[in-house]
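These numbers were taken from a predicted model, which means no experiment stands behind them. Reminder, nothing fancy here: chain letters follow the sequence lines and each chain counts from 1.
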Amino acid sequence: VMTFNTLIKAQCKAGEMASALCLLKHMSSEFALVPDEVTYNTLMAGFIQKDKMEEALELLKEMKSNGRTPDTVTFSILINGICKQGRFEEAVKFMEEMLGSGLYPDTVTFTTVINGFCKRGRIEEATELLEEMRESGLYPNTVTFNALINGFCKQGRIEEAVKLLEKMRGCGSYPDTVTFTTLISGLSKQGRMEEAVDLLDAMWGSGHYPDIVTLTTLVNGFCKQGRMDAAVKLLEEMSENGLYPNIVIFNIIINELCKQGRMKEVVKLMEELRGTELYPNTLTFTTLINGFCKQGRMEEAVKFLEEMRRSGHYPNIVTFTTLIHGFCKEERIDEAVKLLEEMGENGLYPNIVTFNTLINEICKQGRMEEAVQLVKEIRGSGFNPDVVTFNTLINGLCKQRRMEEALKLLEEMRGSGLYPN
RNA sequence: UUGAUGACAAUC
């Protein structure tokens, strides 16, 4: 069983859930092995990682009907799935249900929910949960604090994030490479590159050495500031420390070249990547496709979509939305619609960004009634309009001098817990 | 053998 669990885990890690399920079938049918808690937990975690909650719950059922009892790990996995969907009330309910079945949420369970709150910018609730955790006798660890620090950084609240370092020590945990990188990322996003580099320098003395993620974070920071030279210099320095560029670094550079409209160089770079160990991934291709879309060069964008598929990478929702936006911008609506249909055929569903893209297009055509109607439908299908949705609609109305309606939407926006930016 | 934290792509 352990052997199969290991194999199943490997498939899950590779995102090959169909093969993982295949292994589950085989272990009982061909080898008369009985899957255990670990088997099911592994599979459920694999599905959650791919945002496939339904399938995870299906496995939970199967697990129970095969006489296996969900344990603390099972609950943590499912709670993670619920948090990823932003359904925190249910997550908390799940934690209570745990207690009902004699299981106690542990540090990982709490950290999962704390991280969920942080990811959605709900820091205050995350902080409350930290207190609750301590009250119930559990010790937050480095991961718990890292999640919180990341939450503050993502909101641009770096000073508060730094303050958490002291609290961290007070709780007997210590910062690690992730802690430093999280702070460096926060500083970089604010354009505070000098401080970010200071922190990098401090890492060497702390015993928590920068890793490839730290490096990519800084390279991205420099590129976004338009300081490619600084990025390249850092890459050279770091290669002396044994840190070499990976595909993420190239994705960042490709993105920057695209932003500068240097498409010839990008295409050349892509060719140079062939025959190296750096394999372009979905993000590489999507970045490139976006570059061509932004230049209005849709034929080339589509050409790379095909190349992407040929090299075994599936376009995802971001890829499709990028192309749909590109076609809309060029007023080639028929082709945009065709892509929407193709998405469905590929088992991909529009997300809020896709909808915002469509709403924007409808607004630009001055069809405000239809735009508002579409938002209603989106709501009905379980999506929450976000800040961009409202901005798009408000902008559309303002362009038509329909200020009363725009102001009404502003209120509606506030009413649904969104902060106008 | 299973669960939580940091980097890169799309919309206003």
Asp176(A) vs Asn146(A), test: side-chain hydrogen bond (donor to acceptor under 3.5 Å, both in side chains). Steps then yes/no. CA-CA 9 Å; Asp176(A) 62 5; Asn146(A) 286 348; 3.2 Å; yes

With no hydrogens and no angle check, is any side-chain donor or acceptor of His208(A) less than 3.5 Å from a backbone partner on Pro175(A)? yes

Taking all non-hydrogen atoms of both residues, which atom of Asp386(A) and which atom of Asn356(A) are closest, and how far apart? OD1-ND2, 3.1 Å

What contact category does Ser188(A) fall into here, base, sugar-phosphate, or nothing, at under 4.0 angstrom with non-hydrogen atoms? nothing

Name the nucleic acid region contacted by Asp211(A), choosing base, sugar-phosphate or nothing; use a 4.0 angstrom heavy-atom cut-off, strictly under. base

Return the residues of residues 142-150 of chain A meeting this criterion: a heavy atom under 4.0 Å from some atom of RNA chain B. Order them by number, or give none. Val143(A), Asn146(A), Ala147(A), Asn150(A)

Kindly give the heavy-atom pair with the smallest separation between Ile394(A) and Ala406(A), and that separation in Å. CG1-O, 3.9 Å

Could you tabulate the donor-acceptor pairs under 3.5 Å formed by side-chain atoms of residues 225-238 of chain A, not counting sequence neighbours?
none

Look at the side chain of Arg169(A) and the backbone N and O of Tyr174(A), then say whether any donor-acceptor pair between them is shorter than 3.5 Å. no

Between Thr109(A) and Ser76(A), which heavy-atom pair has the shortest distance, and what is it? OG1-OG, 2.9 Å

Base, sugar-phosphate alone, or nothing: which one does Thr74(A) contact when heavy atoms must sit under 4.0 Å apart? nothing

Only pairs under 3.5 Å count here: list side-chain donor-acceptor contacts from residues 371-378 of chain A, not counting sequence neighbours, and write none if there are none.
none

Could you check whether Thr181(A) gets within reach of a base, just the sugar-phosphate, or nothing at all, counting any heavy atom under 4.0 Å? base

How is Asn281(A) classified with respect to the nucleic acid when contacts are heavy atoms under 4.0 Å: base, sugar-phosphate, or nothing? nothing

Decide yes or no for Phe117(A) and Glu128(A): does some side-chain heavy atom of the first lie under 4.5 Å from some side-chain heavy atom of the second? no

When all nucleic acid strands are considered with a 4.0 Å heavy-atom cut-off, which category describes Thr72(A): base, sugar-phosphate, or nothing? base

With a non-hydrogen cut-off below 4.0 angstrom, is Lys224(A) in contact with a base, only sugar-phosphate, or nothing? sugar-phosphate

Let me confirm one number: the OG1-CD1 distance from Thr276(A) to Ile247(A), rounded to the nearest 0.5 Å. 7.0 Å

When all nucleic acid strands are considered with a 4.0 Å heavy-atom cut-off, which category describes Asp36(A): base, sugar-phosphate, or nothing? nothing

Would Glu54(A) and Lys61(A) satisfy salt bridge (Lys or Arg N to Asp or Glu O under 4.0 Å), going step by step from the backbone distance to the final call? CA-CA 11 Å; Glu54(A) 308 279 313; Lys61(A) 257 194 225 150; over 6 Å; no

So what does Lys84(A) touch, heavy atoms closer than 4.0 Å: a base, only the sugar-phosphate, or nothing? nothing

Any base atoms under 4.0 Å from Leu283(A), or only sugar-phosphate, or nothing? Heavy atoms, all strands. base

Expected output is a numbered-order residue list: members of residues 351-369 of chain A with a heavy atom under 4.0 Å from any atom of RNA chain B. What is it? Asn351(A), Val353(A), Asn356(A), Thr357(A), Asn360(A)

So what does Asn141(A) touch, heavy atoms closer than 4.0 Å: a base, only the sugar-phosphate, or nothing? base

Among pairs that include at least one residue of residues 314-329 of chain A, which meet side-chain hydrogen bond (donor to acceptor under 3.5 Å, both in side chains), considering only residues two or more places apart or in two chains? Thr286(A)-Thr319(A), Asn316(A)-Thr319(A), Thr321(A)-Thr354(A)

Once you apply a heavy-atom cut-off of 4.0 Å, does Thr216(A) come out as touching a base, just sugar-phosphate, or nothing? base

Heavy-atom contact window of chain A on RNA chain B, given 5' to 3' at under 4.0 Å: rU1(B) to rC12(B)

Would you classify Asn421(A) as touching base, sugar-phosphate or nothing, given that sugar-phosphate means primed atoms plus P, OP1 and OP2, and contacts are heavy atoms under 4.0 Å? nothing

Sugar-phosphate only, base, or nothing, as touched by Lys13(A) at under 4.0 Å among non-hydrogen atoms: nothing

